[in-house]
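Below is one structure, written out as structure tokens; the observations come after it.
As the structure lists them, so they are numbered: ligands from 1, and atoms in each ligand from 1. Predicted model, so just to flag it, every value in this text is computed and none were measured. Numbers here are sequence positions counted from 1.
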Amino acid sequence: MSDFSPGQRWISDGEAELGLGTILNVDARSVTVLFGASQETRTYSSRNAPLTRVAFGSGDRIQSTEGWQMTVDDSKEVGGLIVYIGEDDAGELCELPEARLADTMQFDQARDRLLTGQVDRNDWFDLRFRTLHHFHRIEQNPALGLAGPRIDLIPHQLYIADEVARRHAPRVLLADEVGLGKTIEAGLILHRLLLTGRAERALILVPASLSHQWLVELLRRFALEVTLLDEQQSQAQGEANPFEAGQLVLASQDWLFANPHRQQQALACEWDLLIVDEAHHLDWSPEQSGPGYACVGRLAAQVPGMLLLTATPEQMGLESHFARLRLLDPDRYHSLEAFREEEQHYVEVAEAIDALERLPGEDTDRGRVAAVIAEPDSLALLDTLADPERGDDQHAAARDQLRDQLLDRHGTGRVMFRNSRRHVGGFPARRLHIEELEAPSSYRRVLRRLARDEDYLDELLIETGLDHPEVLIYPDATYRALTDDPLNTEPWWQFDPRVTWLLERLADDGEGGFADDKVLVIAHDRETAMGLAEGLRVLGGYQAPVFHEGLSLVERDRAAAAFADQEEGCQLLVCSEIGSEGRNFQFCRHLVMFDLPLHPDQLEQRIGRLDRIGQRHAIELHVPVFAGSPGEKLLRWYHQGMDAFSAPHGLGSEIHAAFGDTLADSLLDDEALEEVIAETRALFEARLAERDAGRNRLLELNACRHERADAVIAAIRELDADKALTRYLDQALDIFGVDSQELGGGIQHLQPSPQMLDGLPGLAKGEEGFSATFSRSRALARDDVQRLSWEHPLLREMMGRILDGPMGNTALALLKHPAIPAGRLMVELVFRTHCPAPKRLHLNRFLPPTAVRVLLDESGANLTDKISFTGLSKAVKKVKKAVARDLIKSRHDRLRELLDGAEAEAERELPSIVEAAQVRMRAELDAELSRLEALSRLNPAVRADELEALRNERTALDQAIEGTRLRLDAVRVIVTVGDETR
Ligand SMILES: Nc1ncnc2c1ncn2[C@@H]1O[C@H](COP(=O)(O)OP(=O)(O)OP(=O)(O)O)[C@@H](O)[C@H]1O
């Protein structure tokens, strides 16, 4: 097709940058071409015009002058002009005459670039092929999205992340006990969803006091950059919707819940995932729901994925807990009564699971299991397990499957994940130190009068404006509130023996003293915290930062950072109750509870600041109390009534609901107190036994399935140990122009060289770059060192740029080979599977871009199996660009024929690739689908839309894989030269 006709599209061999040209005029001697994009016209001799006809083939994407795009299927010729036939982006059949091709179309494709003489360096070509190879490997790895983050591999977290992130639009409650890593789990889920394309936009709502911590954790551990939004930032956006300012938006709940206009704006955006931390604050009751619940409720109705995080799901009562489950799945959780009723049966299920371990054995155990299963698949498994004739392997397999089925099909396991310390193990001991002090006269006066005069309590409540029983528990607050009392002129911290006691301990460098340690002090009230800090300063010269809800975020973060600093930081931090919620202070082992909170869950929240992953010492809990005071009675209730200081038990809400009021009424009455303690203890023990047998047991069994967790960890470790990553990174850094310098200890410093290709993450030109290591443990030990993995943004960016752009898709090299005469051609082509599908399908897990390499000699003979890519790569020599261009031009026609021939060779490989992908996809999705279908018959926790989505996903994947095509991704021309050594 070398005859020119007006309207045809050609490209200049020498000036490819002019873009797509259109033949304007042709006469016997010359041809005139208009290059519309660059507004240039050229006239060439028609006999040897340096022009190449542009002809697209099947699978190519082309663009019309009007801007719409299509994928070419076929073409026909009409009056010397090509008309392309194919599908537009809406899937409609369409035609596009070449005259209407956009002038601005880029020539990125290997064939066009090669034939127009645009050749890249050989090492680029090499890197491109290797990128494709590694990308193919990594995208299918079951640990994708979980291997990159800078975290310790903790089984329960990885199990949850793997289980949740594989679901369609996951909606779950992450309710691990305080400090077990819910933030990490949410981060892992988000990271995996982002990397697999299943989510692009997320809104993260956290208490204001935690926004900075979240920001830092997401960046430091997950390399995720989020936009922190507040009112000031929002106003800076002017008229624009501030929630559109980033893909990942972090906002404070306090701000959003109080601001209807901003809520409207948040609702006007499209989100894939909503994350709500400390979700126990979303309170609800049949009479009224709080503003937080209402706001999250509106978002929940609209955002497909949702993670609610709370360590104390029942803190606001069972009704509120149920209401939060309803936010996640309104169909499943429609009736509180039904929910309560269902819970009654969990004991039987948990007993059946325990019985599995004893089978084959007693008939009674078989009966226990049989009583809770009905499905034929489960019954068949039970037959196998109960049959003593079967081998151990068969028993083990049947036991595991039955256990999974029982866990899957009963309880809240699919919606709620709750790990406890007892199950996770490895946590330090907690030691309680009670310091009995004598109450000062100012406090005693009030107590004495209360004991004498029954009506005084009411008077006191009116006079102080405090609540009951706070007025009894917090004597310093009562003292401060009694401003009219002429005796109350001194600041309370001047005479409060708790202050003196604390000062003594701070100075004590003996055993049990705090002199060499950090100390966290928590007081219920903000005024108490502030007064205490003042007392410590005035009386002891201690500069203790105070951390309370009245401080700005920056002030709070500054206080937390000053405390965390090991070398120069301060020894103690004084916090108020809510100021400290969710914070990480596990570097500290002494907690002083200056007073006690009124709710057991708050007590657990306090201890949870220190008792977190990463705590290396036993935790010392110090409680100063006034002998015989209501505060001491409260302490006894916690300690003797429910072992509240020894370990979390998750029963706090229930106990508080049952006895909170009676306790409040017993704080001045020893006898009544003994009774409440005894009753509390009885309920505590009964509930513990009951719930350990029933719901808790099911939740625990479900919260981490160890085999799955082990498999995920094994896959991550394999990626961690991948030597190919080091080699690949070295090569890529070299090509992208990044200097790497060994700093010793497995750490390297990456720095942009003056030649760096622009804009790599963390490597802006002229800046100093960053230090990094491949080692997980080193990265965990050093905050200033990034962890390099296949998931690191730098790696992903470099790989993405190579795969999405033309870099290295053409090359020309020389080969000296004694057996091949000089001047012969070879072409090495890399085809890549092309399979357009929406990102959210994450098609890559079954069919990631797959390379098909074809090596042809000049005669068209296929040498692919005879000479490997690596073998050839090592043997070839580079050549100057101008020489390469001439060589290509001189062999144009043969090259075209070889390219066409290679395509036919590559096509032969396609059916087996497609079939293998289909088999993989069906095996996984059919198994998941039948599991979910069986599940949905028994466990309504499977949402109808989840099942429907999975069916649709399977159909869509099937169609997408079926439609896979091969496209030429890169081509290298190899020209043999004589062996000079002969
Ligand atoms: N896998 C891990 N690797 C390293 N550090 C971890 C890991 N998991 C948790 N941590 C650390 O342990 C602490 C507690 O984790 P996190 O904040 O996620 O717990 P949480 O369950 O959300 O706590 P809370 O109930 O107080 O909100 C944090 O400092 C976190 O960085």
Counting only nitrogen or oxygen atoms and a 3.5 angstrom limit, does Asp176 reach ligand 1? no
Under 3.5 Å, is there a donor-acceptor pair between the side chain of Arg171 and the main chain of Pro304? yes
Which ligand 1 atoms, with their elements, are less than 4.0 angstrom from a heavy-atom of Glu217? 30 (C), 31 (O)
Dump the intermediate steps for salt bridge (Lys or Arg N to Asp or Glu O under 4.0 Å) on Arg431 and Asp611, then the final yes or no. CA-CA 12 Å; Arg431 290 199 284 250; Asp611 191 359; over 6 Å; no
Which bit of Gln605 gets closer than 4.0 Å to ligand 1, counting heavy atoms only: side chain, backbone, both or neither? neither
Test: Asp176 and Arg421 ion pair at under 4.0 Å: no
When you compare ligand 1 with Gly179, is there at least one nitrogen or oxygen pair between them that comes in under 3.5 angstrom? yes
For ligand 1, is there an N or O atom under 3.5 Å from any N or O atom of Ile151? no
Ala311: numbered ligand 1 atoms lying under 4.0 Å from its heavy atoms: 25 (O)
Begin with the C-alpha distance, continue with both residues' side-chain angles, and end with the deciding distance and a verdict on salt bridge (Lys or Arg N to Asp or Glu O under 4.0 Å) for Glu604 and Arg430. CA-CA 12 Å; Glu604 187 44 44; Arg430 295 176 174 189; 3.0 Å; yes
Heavy atom under 4.0 Å from ligand 1: found in Glu278's side chain, backbone, both, or neither? side chain
How are the rings of His792 and Phe770 set to each other: parallel, tilted or perpendicular (split at 30° and 60°)? parallel
Report yes if Val178 has an N/O atom closer than 3.5 Å to an N/O atom of ligand 1; otherwise report no. no
With a cut-off of 4.0 Å, which atoms of ligand 1 are near a heavy atom of Gln586? 11 (C), 12 (O), 13 (C), 28 (C), 29 (O)
Checking the N or O distance criterion of under 3.5 Å, is ligand 1 in contact with Thr183? yes
Which of the numbered atoms in ligand 1 are under 4.0 angstrom from any heavy atom belonging to Arg609? 26 (O)
Is a salt bridge present between Arg708 and Glu163, judged by a nitrogen-to-oxygen distance below 4.0 Å? yes
Considering only NZ, NE, NH1 and NH2 on the basic side and carboxylate oxygens on the acidic side, decide whether Arg418 and Glu185 come within less than 4.0 Å. no
Look at ligand 1 and say whether Gln213 reaches it with a heavy atom at a distance under 4.0 Å. no
Select one of side chain, backbone, both or neither to describe which atoms of Arg612 lie under 4.0 Å from any atom of ligand 1, heavy atoms only. side chain
Distance-only N or O hit between ligand 1 and Ile154, under 3.5 Å: no
If you measure every N/O of Arg220 against every N/O of ligand 1, is any gap under 3.5 Å? no
Quick test of your reading: applying side chain to side chain donor-acceptor pair (under 3.5 Å), list the pairs with at least one residue in residues 190-199, sequence neighbours left out, ordered by first then second residue. Asp162-Arg192, Arg198-Glu953
Decide, yes or no, whether a salt bridge links Glu654 with Arg687 under the criterion of side-chain N to carboxylate O below 4.0 Å. yes
Between Arg606 and Glu577, is there a salt bridge with N-O shorter than 4.0 Å? yes
Less than 4.0 Å is my threshold; does some heavy atom of Arg150 fall inside it relative to ligand 1? no
